[in-house]
J.: 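Sharing a structure, written as structure tokens. Questions coming.
Everything quoted here is computed from the prediction, not taken from an experiment. Letters go in sequence order (proteins before strands), and every chain restarts at 1.
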There are 2 protein chains.
Amino acid sequence: MTSATVPDRSESRRSTAPGSGASRRPRARKGEGNRLREEILQAVAELLVEKGNKDAVSIRAVAKRVGVSPPAIYLHFADKDELFYQCCRGGFQELSRRLEEAAATAGTVLERLEQMGRAYIDYALERGPQYQVLMAGGETGEISPELLEDDPGLRAFAVLVDTIGEGIEAGEIRTDHDPAALAVAVWAAVHGAVMLLLSRRAAEEATSPVMPDLPPSDATVEAVLALVRSGVVGGS
Amino acid sequence: MTSATVPDRSESRRSTAPGSGASRRPRARKGEGNRLREEILQAVAELLVEKGNKDAVSIRAVAKRVGVSPPAIYLHFADKDELFYQCCRGGFQELSRRLEEAAATAGTVLERLEQMGRAYIDYALERGPQYQVLMAGGETGEISPELLEDDPGLRAFAVLVDTIGEGIEAGEIRTDHDPAALAVAVWAAVHGAVMLLLSRRAAEEATSPVMPDLPPSDATVEAVLALVRSGVVGGS
DNA sequence: GCTGACAACTTATCAGTGTTCACTCATCGT
DNA sequence: ACGATGAGTGAACACTGATAAGTTGTCAGC
């Protein structure tokens, strides 16, 4: 091959992917190798939303959308796990920001906690697939430690612990549990709600009546927040 | 491969799996085809525990362990999803049983709820990978509806809703939320705790310090149960 | 303008995956 | 003894993530 192909830039290099994918992307200039990196992350984010599942997004599909060959991706990311982690991590800095913002509002500690809970749930439901990738169990364990060192999720968790500690000092929150343990409990409740709601959404999109008799999302969210609110106060 | 190896029939009746796997399983008698089905499910359960992750267990590995060729599995299960679902579903009937048992003990509704919560968490942590497979988001949505109709998880959820309704009638539980919504909230809290603890365990097994400053599992479990206990009572 | 070095890729390929089709073989009722 | 049938096998397909080696465009220095 490459036999008689005159390097006619103007039109011989038409769509490498006729159907849907992008045509061949022009090569980056010498210092601008990192631009491809950003385009890859963008494509991953799009495909993740479209397919809804990390495993349904192949490296090849990403490469095709960007208009590049699959190995080019490995010039910027060590493997698929790191690629997806980086993609979702970027989005999660926004969540961390929103949580810190909610934690810094005026009002009682309980009110601030509720704001944080709402912000968390809203954001996680908004970016469902990304959220699931970042929280996806053991797979996160494969990421190199220095990447996780400044994980936005951990920063956000620290804010939660601090807020709860503040509430304990202010006498708004029960004192029979460690602030960190209470923070994990709160996180677990909110996280669990998000996971269940995302599961349900996925099931509905598959037109399969998996969870038949559940209340609507809003009622679930309100119930979880009410549970947390009363739960952190204690004094049954 | 493609090394043009002569198919040496002369001693071809050697063990197909020399290293670790089982050797070739003797063929079942004519009416006993279902015995293979049970052996497959057993092998899947074992491999799931060993590998810790559904995606790390291949059909070929299952077949090798059973001592059978990969296509034989498709005589008993439609695809990989159904195979794993059936495997985990079997284990989950035990959970459902334990929950119903806990719901039927003597004591106040709150005490019974706590027993149920403990039984749920214990069981989920005991069979971590199975639990995750069954709860694994959108993938469950691909299972045929009639399978899910008598999902043990749904039966268990109904028990939870009933118990909470009972508590509302007895005046032990807050009345400002729907019993089903409250049940989802309780479920979410416990489910979230399990997921976080399983994530942490997986991270530790990978010798990667993912979640550095978290309290130990016991404290987390107690905090979540306390949160739920106070949370369902309400009256902050 | 030329040239060599190097960044930015591509082509070809590997090993492994879920899954299917066509086929064999042992067992059973007759 | 024999044909039907249940219980499986072998080879192959269309994918996947990943790698090694080659190519090509671009830039600095002469």
Side-chain angles (χ1 to χ4, degrees), chain A residues 1-3 5-9 13 16-17 21-40 44 47 51 53-64 66-85 139 142, chain B residues 1-9 12-17 21-40 44 47 51 53-64 66-85 139 142:
Chain A
M1 58 194 67
T2 72
S3 53
T5 51
V6 181
D8 185 354
R9 258 164 214 71
R13 284 289 173 229
T16 311
S23 37
R24 174 172 275 150
R25 184 189 105 108
R27 193 207 206 96
R29 311 293 281 270
K30 213 118 184 236
E32 303 174 343
N34 277 338
R35 261 191 37 203
L36 175 56
R37 187 192 152 94
E38 297 307 315
E39 290 178 41
I40 292 172
V44 169
L47 285 168
K51 303 290 184 182
N53 182 347
K54 166 186 162 185
D55 293 323
V57 178
S58 68
I59 293 275
R60 281 171 167 83
V62 174
K64 186 174 180 178
V66 178
V68 101
S69 74
I73 291 178
Y74 292 92
L75 299 178
H76 297 276
F77 303 94
D79 56 9
K80 193 182 180 184
D81 278 339
E82 195 205 316
L83 169 61
F84 278 72
Y85 176 77
E139 306 173 32
E142 305 294 344
Chain B
M1 52 188 61
T2 72
S3 53
T5 52
V6 179
D8 189 356
R9 283 268 181 229
S12 68
R13 283 297 167 232
R14 291 296 304 269
S15 59
T16 312
S23 35
R24 176 173 273 147
R25 185 190 105 109
R27 193 203 204 100
R29 311 295 280 267
K30 241 191 169 166
E32 304 174 343
N34 276 339
R35 260 191 38 203
L36 175 56
R37 186 190 152 93
E38 297 307 315
E39 292 179 39
I40 292 172
V44 169
L47 285 167
K51 303 289 184 182
N53 183 347
K54 167 186 163 186
D55 293 322
V57 177
S58 68
I59 293 274
R60 282 171 166 87
V62 174
K64 185 174 181 180
V66 178
V68 101
S69 74
I73 291 178
Y74 291 91
L75 299 177
H76 299 277
F77 303 94
D79 55 9
K80 192 182 179 183
D81 278 339
E82 195 205 314
L83 169 61
F84 278 73
Y85 177 77
E139 306 172 31
E142 306 293 345

J.: Can you measure D55(B) atom CG to dG17(D) atom P for me and round it to whole angstrom units?
T.: 12 Å
J.: Rounded to whole Å, please give me the gap between CG in D79(A) and C1' in dA18(D).
T.: 9 Å
J.: Take atom CG of L36(A) and atom P of dG25(D), then tell me their distance rounded to the nearest Å.
T.: 17 Å
J.: If each of R25(A) and A61(B) is mapped to the nucleotide of DNA chain C with the nearest heavy atom, which maps nearer the 5' terminus, i.e. the 5' end?
T.: R25(A)
J.: Hey, does the side chain of N34(B) reach the backbone of R37(B) with a donor-acceptor pair shorter than 3.5 angstrom?
T.: no
J.: Provide the closest heavy-atom pair for I59(A) versus I73(A) in the form atom of the first, atom of the second, distance.
T.: O-CD1, 3.6 Å
J.: L75(A) has an atom CG; how far is it from atom P of dT23(D), in whole Å?
T.: 17 Å
J.: Quick one: I73(A) CD1 to dG17(D) P, roughly how many Å, whole number?
T.: 9 Å
J.: Using whole Å, report how far NZ of K64(B) lies from P of dG18(C).
T.: 14 Å
J.: Measuring to OP1 and OP2 of dC27(D), would you say a side-chain N or O of R29(A) lies under 4.0 angstrom away?
T.: yes
J.: So, are D81(A) and K54(A) salt-bridged, with charged N and O less than 4.0 Å apart?
T.: yes
J.: Write down the distance between CD (E39(B)) and P (dG8(D)), rounded to a whole number of angstrom.
T.: 9 Å
J.: Base, sugar-phosphate or nothing for S69(A)? Non-hydrogen atoms, less than 4.0 Å.
T.: base
J.: Quick one: does R60(A) reach the base of dG17(D) with a side-chain donor-acceptor pair under 3.5 Å?
T.: yes
J.: For R35(B), answer base if it contacts any base atom (sugar-phosphate contacts may also be present), sugar-phosphate if it contacts only those atoms, and nothing otherwise; contact means non-hydrogen atoms under 4.0 Å.
T.: nothing
J.: Ignoring hydrogens, what is the shortest heavy-atom contact between V57(A) and K80(A)? Give both atom names and the distance.
T.: O-NZ, 2.9 Å
J.: Send over the distance from Y74(B) OH to dG10(D) C1', rounded to a whole Å.
T.: 16 Å
J.: Between dC9(C), dG18(C), dG17(D), which one does the side chain of I59(A) approach most closely?
T.: dG17(D)
J.: Between P71(B) and R27(B), who's closer to the 5' end of DNA chain D by nearest nucleotide?
T.: R27(B)
J.: Assign V57(A) to base, sugar-phosphate, or nothing according to its heavy-atom contacts below 4.0 angstrom with the strands shown.
T.: sugar-phosphate
J.: Go through L83(B) and H76(B) one step at a time and tell me if the side-chain contact (heavy atoms from CB on, under 4.5 Å) criterion holds.
T.: CA-CA 8 Å; L83(B) 169 61; H76(B) 299 277; over 6 Å; no
